[in-house]
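For reference, the structure discussed in these notes is given below.
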Amino acid sequence: MLIGRGMSTWFTHLDATTSCSSVSVLSAVLRRQRFLIRSLGGNPDQNCSVKMNVFEADVLNVIRRITPTLDLSRHKGQAGKIAVVGGCREYTGAPYFAAISALKIGADLSHVFCTKDAAPIIKSYSPELIVHPVLEESYNVKDEDKGFIANKVLSEVNKWMERFDCLVIGPGLGRDPFLLDCVSEILKHARQLNIPLVIDGDGLFLVTNSLGLVSGYPLAVLTPNVNEYKRLVKRVLDCEVNDDESAAELLSLVKGIGGATVLRKGKSDLICDGDSVFSVSISGSPRRCGGQGDILSGTVAVFLSWARQHVLLAEEDLGIRTMNPTVIGCVAGSALLRKAASITFQNKKRATLTSDIIEYLGMSLDEICPM
Ligand SMILES: NC(=O)C1=CN([C@@H]2O[C@H](COP(=O)(O)OP(=O)(O)OC[C@H]3O[C@@H](n4cnc5c(N)ncnc54)[C@H](OP(=O)(O)O)[C@@H]3O)[C@@H](O)[C@H]2O)[C@@H](O)CC1
Ligand SMILES: Nc1ncnc2c1ncn2[C@@H]1O[C@H](COP(=O)(O)OP(=O)(O)OP(=O)(O)O)[C@@H](O)[C@H]1O
Ligand SMILES: [Mg+2]
């Protein structure tokens, strides 16, 4: 299939034939793709068979187009203000990895909203992070105080909310029911304010059980790993994961959730917003140490914010204006993490740890966008 002029600078077409059962789901998608291709100068009729179109993203081009230049006239905050909602008694590393990664690639401010127990520990990892000890777990709250405490948590978070360009919800959040109820309310408030959301880790546990929290919200990105994806597929499609039809299955999943973008992490990362499926498969690291998904959530949050800014400003850039900023954010975040992980592995081999990968994020981005 030939891809139109604008589109071909962004994506390479990969083939993945779909089953007949997927045809009706795909027809709307194909119609939109044909429109996109036509509007970008291509000929959609050169491919008449029913295919699941998977585009391999031109990741360097994507990253270069949206990364802001370092310019002495810019003020603090313009390159992004990110907040991570996560961090509890068990997990302090995950929110730290997400929040510090956002800063390392160029965000100006990075906040963490976590439980009171986790806050001093996360603060001690880095003075760069703004850490709010506001969340509460059930063990710390008497039943009769729950209503009052929940209101207090919400008002503490809500007074900051409007300042953020993106929220990352879930790294190291835990699964305490009272805490998750409070986070549901935080999420609903963020939606009312049209703030983009990256949902990861235990945030996915929450939304998988309450899909209404994200359905119909185009600024939500879900970043499931293998287990999290299995649970989503089971819940939404009521079946087991079928790797032989991964692109069509992902499309059905996204349609089933309705309106969010999903980044399925794996050997290749697959990204879908309900229109098309994009793949990022540049080489990463063979080390699967924990925390790499947390880096990804922080980088996607920043690139999504940059993509949104770019789409709003780039009136003449037709290629980017037809793209969904959540997809651009996922493609860029995935590619940068994989590149940094690959460079780290070349240097550290088996000793590669998540903290090492974080140290290579800035250099990896500089290589793509030299100053
Ligand atoms: N250094 C850190 O601080 C890091 C912290 N991390 C943080 O860890 C959290 C979980 O993320 P993960 O990736 O371990 O979840 P996943 O692959 O679904 O589970 C694996 C297996 O464990 C189980 N299970 C998990 N959580 C459970 C719970 N709360 N309570 C009960 N069971 C639980 C689960 O069983 P299941 O319930 O799915 O049957 C599955 O078999 C998340 O907040 C993440 O951000 C990571 O980012 C890594 C670095
Ligand atoms: N087999 C693989 N080969 C290369 N890269 C991979 C592979 N699996 C995952 N990755 C990359 O690692 C990143 C993190 O994915 P992973 O599945 O480890 O997430 P996770 O389990 O949520 O991580 P975390 O430990 O932070 O919770 C993804 O962006 C993906 O690109
Ligand atoms: Mg994870």
Side-chain angles (χ1 to χ4, degrees), residues 56-57 59 62-63 84-88 90-102 104-105 112 122 125 168-175 197-208 221-233 241 243 246 250 261-272 277-304 326-346 348-350 352-358 360-361 364-365:
E56 179 67 33
V59 292
V62 171
I63 292 175
V84 177
V85 180
C88 63
E90 283 89 354
Y91 308 122
T92 54
Y96 164 77
F97 292 145
I100 201 77
S101 299
K104 289 278 185 180
I105 68 165
V112 177
I122 299 172
Y125 296 153
V168 180
I169 297 195
L173 190 60
R175 296 182 183 182
L197 301 170
V198 177
I199 317 272
D200 186 43
D202 299 313
L204 288 167
F205 176 79
L206 171 65
V207 303
T208 301
V221 173
L222 277 52
T223 55
N225 67 11
V226 178
N227 281 328
E228 293 152 351
Y229 188 75
K230 264 189 210 159
R231 288 195 289 262
L232 264 177
V233 167
V241 172
D243 283 326
S246 50
L250 179 58
T261 295
V262 175
L263 187 169
R264 180 189 177 180
K265 297 179 283 195
K267 197 170 167 202
S268 293
D269 289 342
L270 286 181
I271 296 146
C272 179
V277 179
F278 303 98
S279 162
V280 177
S281 47
I282 65 168
S283 62
S285 158
R287 276 281 278 132
R288 299 265 56 80
C289 51
Q292 293 180 67
D294 304 319
I295 300 182
L296 180 78
S297 65
T299 57
V300 169
V302 176
F303 282 119
L304 163 48
T326 57
V327 171
I328 301 174
C330 288
V331 165
S334 161
L336 185 71
L337 163 67
R338 292 172 75 100
K339 179 174 164 70
S342 164
I343 297 174
T344 310
F345 185 76
Q346 283 162 26
K348 298 272 183 172
K349 304 283 186 307
R350 277 182 198 280
T352 296
L353 294 180
T354 296
S355 318
D356 301 317
I357 299 173
I358 289 170
Y360 282 100
L361 285 172
S364 303
L365 186 53

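All values below were derived from every heavy atom in this structure, side-chain atoms included, with hydrogens, water molecules and symmetry-related copies excluded. Counting starts at 1 for both ligands and their atoms, following the listed order.
- Side chain of Ser334 to backbone of Val331: no donor-acceptor contact under 3.5 angstrom is found.
- In terms of polar-atom proximity, Asp269 is counted as a contact of ligand 2, with an N or O under 3.5 Å from an N or O of the ligand.
- Each of the following atoms of ligand 2 lies closer than 4.0 Å to a heavy atom of Leu337: 13 (C), 29 (O).
- Under 4.0 angstrom from ligand 2, there are no non-hydrogen atoms of Thr354.
- Checked by atom type and distance alone, the side chain of Ser342 never pairs as donor or acceptor with a backbone atom of Arg338 at under 3.5 Å.
- Under the side chain to side chain donor-acceptor pair (under 3.5 Å) test applied with Thr223, the options Thr261, Asp200, Asp294, Asp269 reduce to a single match, Asp200.
- Under 4.0 angstrom from ligand 2, the non-hydrogen atoms of Asp294 come from both its backbone and its side chain.
- Residue Arg288 places at least one N or O, backbone or side chain, under 3.5 Å from an N or O of ligand 2.
- No side-chain donor-acceptor contact under 3.5 Å links Glu90 to the backbone of Gly174.
- Side chain of Thr354 to backbone of Gly290: a donor-acceptor contact under 3.5 angstrom is found.
- In this structure, a donor-acceptor pair under 3.5 Å is absent between the side chains of Glu228 and Thr208.
- Counting the atoms of ligand 2 from 1 in the order shown, those under 4.0 Å from a heavy atom of Gln292 are 14 (C), 26 (O).
- For the pairing with Gln292, the side chain to side chain contact (heavy atoms under 4.5 Å, CB included) check across Ile358, Ile357, Leu353 returns one residue only, Ile357.
- Atoms of ligand 2 lying under 4.0 Å from any heavy atom of Asn225, numbered from 1 in the order shown and given with element: 17 (O), 19 (O), 20 (P), 21 (O), 22 (O).
- Close approach to Leu296 involves these atoms of ligand 2, each under 4.0 Å from a residue heavy atom: 29 (O).
- At under 3.5 Å, a nitrogen or oxygen of Gly291, whether backbone or side chain, sits near a nitrogen or oxygen of ligand 2.
- Scanning both residues, Pro95 and Pro171, for their nearest heavy atoms gives CD-O, 3.6 Å.
- Screening Val62, Ile105, Ile328 against Phe303 for a side chain to side chain contact (heavy atoms under 4.5 Å, CB included) leaves a single residue, Ile105.
- When only interatomic distances are considered, the shortest N/O to N/O separation between Gly293 and ligand 2 falls below 3.5 Å.
- For ligand 2, the atoms sitting less than 4.0 Å from at least one non-hydrogen atom of Gly290 are 25 (O), numbered in the order shown with element in parentheses.
- With atom 5 (N) of ligand 2 as the reference point, the heavy atom nearest to it among Glu228, Arg338, Arg287 is part of Arg338.
- The N/O atoms of Lys265, backbone and side chain alike, include one that comes under 3.5 Å of an N/O atom in ligand 2.
- Distances from ligand 2 to the non-hydrogen atoms of Gly201 include no value under 4.0 Å.
- Heavy-atom distances between Gly284 and ligand 2 stay at or above 4.0 Å for every pair.
- Remark: Asp356 does not engage Arg287 in a salt bridge, criterion side-chain N to carboxylate O under 4.0 Å.
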